[in-house]
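Worksheet: one structure, shown below.
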Amino acid sequence: MPHPFPPGMTITPERMREHYELEKELSNRLRTASKAERAALYSAVYDEYHRRAADDARVARKDDLQLQAWVAGRQVRLLKPFLTADKVYLEVGAGDCAVTLAVAPHVRQAYALEVSAVISADVNRPANFELLLSQGARIPLPDSSVDVVYSNQVIEHFHLEDLPDHLNEILRVLRPGGLYITITPNRIAGPYDGSRYYDDVATGFHLREYTISELGQRFRRAGFRRAIQLTGVRGVYLHTPSWLFWPLERLLLALPMKLRHRIIHWNLMDILINIRLVGCK
């Protein structure tokens with residue numbers, strides 16, 4: 001059962017539907033493309049979406065400096081315990097670069113990696129900030145050169161076949177003992193892409209949504225020593241092994257979608273809605 005439209009929409013339901021149809025059209029190019037074709041296609045489809053759906057709130061956020069600062073501030077509070085002045089930081093899928101720019105004063109070097117040159121254009125860059133453009137999973141940095149890698153709402157955009165390449169690249173650029181911190185929506189409360197209001201599963205740019213236990217398993221399979229979920233609300237987090245969530249997530253997935261969503265949003269709140277996974281090299 002699809003989710004209801006959010007209150008206070010700034011565009012018409014008809015235009016929202018057009019966004020969804022465009023997102024589904026472009027994401028199907030990725031779903032049906034070969035591995036070799038996808039390497040260049042990631043950049044192409046996101047650039048095209050940003051050109052054709054400039055009134056999408058996710059795209060227009062780049063021009064809202066107050067909203068940027070609020071969103072970046074929340075993420076920096078999550079990251080600050082892992083940052084020090086001697087660290088090298090990399091954000092994968094940096095978008096408008098607001099978070100990387102907010103992190104830059106707290107680290108020695110801050111890199112922002114993007115596949116789309118459109119959304120990251122016209123960024124004001126401090127001396128210790130560098131914007132990197134790349135296709136697919138490739139990270140144009142040397143081996144063992146980064147201490148902390150961060151991504152927010154990125155992993156779900158990778159084709160399932162490309163996720164191992166992404167994780168291998170993260171492991172390659174991380175120093176021993178380095179961390180990969182990722183935030184991604186939990187599919188037990190999804191879908192969370194443009195199909196949220198029309199479909200029961202993700203059919204837009206979220207090529208694969210995960211559960212905490214499933215993503216933790218993929219991290220360990222890729223070679224991370226541990227996969228820890230940051231469990232909590234209002235900036236207070238416990239470090240919980242990802243596998244501990246498997247029984248609860250399995251139980252919730254067995255429930256009808258409408259009942260599952262009601263339980264999650266009413267009782268468990270943010271604890272299970274967002275995956276905040278830390279992979280330790």
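- Under a 3.5 Å cut-off, the side chain of E91 and the backbone N or O of S151 do not form any donor-acceptor pair.
- Nearest approach of V76 to V103, heavy atoms of both residues: CG2-CG2, 4.0 Å.
- Using cut-offs of 30° and 60° for the angle between ring planes, the F158 and Y42 rings count as perpendicular.
- Under a 3.5 Å cut-off, the side chain of Q229 and the backbone N or O of I212 do not form any donor-acceptor pair.
- E114 places a side-chain N or O within 3.5 Å of a backbone atom of G95 that can act as its donor or acceptor partner.
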Next item on the list: Would you please test L179 and C280 for side chain to side chain contact (heavy atoms under 4.5 Å, CB included) and show each step?
Entry: CA-CA 5 Å; L179 303 175; C280 310; 3.9 Å; yes
Margin query: R208 vs E214, test: salt bridge (Lys or Arg N to Asp or Glu O under 4.0 Å). Steps then yes/no.
Written below: CA-CA 11 Å; R208 174 78 178 202; E214 181 183 10; 2.4 Å; yes
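- For the 3.5 Å distance criterion, the side chains of Y46 and H157 qualify, holding a donor opposite an acceptor.
- Summarising the geometry of R108 relative to V88, their closest heavy-atom pair is NH2-CG2, 3.2 Å, with the distance given to 0.1 Å.
- Within 6.0 Å of atom CZ in R17, more than 12 heavy atoms from other residues, nucleotides or ligands are found, so the atom counts as buried in its surroundings.
- The only option from K281, R175, K87 that meets the salt bridge (Lys or Arg N to Asp or Glu O under 4.0 Å) definition with D147 turns out to be R175.
- With hydrogens and angles ignored, the 3.5 Å screen pairs a side-chain donor or acceptor of H159 with a backbone N or O of E161.
- Between Y180 and H166, the distance from one ring center to the other falls under 6.0 angstrom.
- In this structure, F205 has its ring center closer than 6.0 angstrom to the ring center of Y49.
- Note: L78 CG to Y237 OH = 5.0 Å, rounded to the nearest 0.5 Å.
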Checklist line | salt bridge (Lys or Arg N to Asp or Glu O under 4.0 Å) between R138 and D165, intermediate numbers included | finding: CA-CA 8 Å; R138 179 65 183 165; D165 295 338; over 6 Å; no
Margin query: Evaluate Y20 against D199 for side-chain hydrogen bond (donor to acceptor under 3.5 Å, both in side chains), listing each step before the verdict.
Written below: CA-CA 10 Å; Y20 160 66; D199 293 314; 2.5 Å; yes
Notebook entry, point to check: Run the side-chain hydrogen bond (donor to acceptor under 3.5 Å, both in side chains) check on Y198 and T203 step by step: do they pass?
Noted result: CA-CA 9 Å; Y198 306 99; T203 56; over 6 Å; no
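- By the 6.0 Å and 45° rule, R220 does not stack over the aromatic ring of F224.
- Counting non-hydrogen atoms of neighbouring residues, nucleotides and ligands closer than 6.0 angstrom, the NZ atom of K80 reaches no more than 12 such neighbours.
- The number of heavy atoms from other shown groups lying within 6.0 Å of CZ (R29) is above 12.
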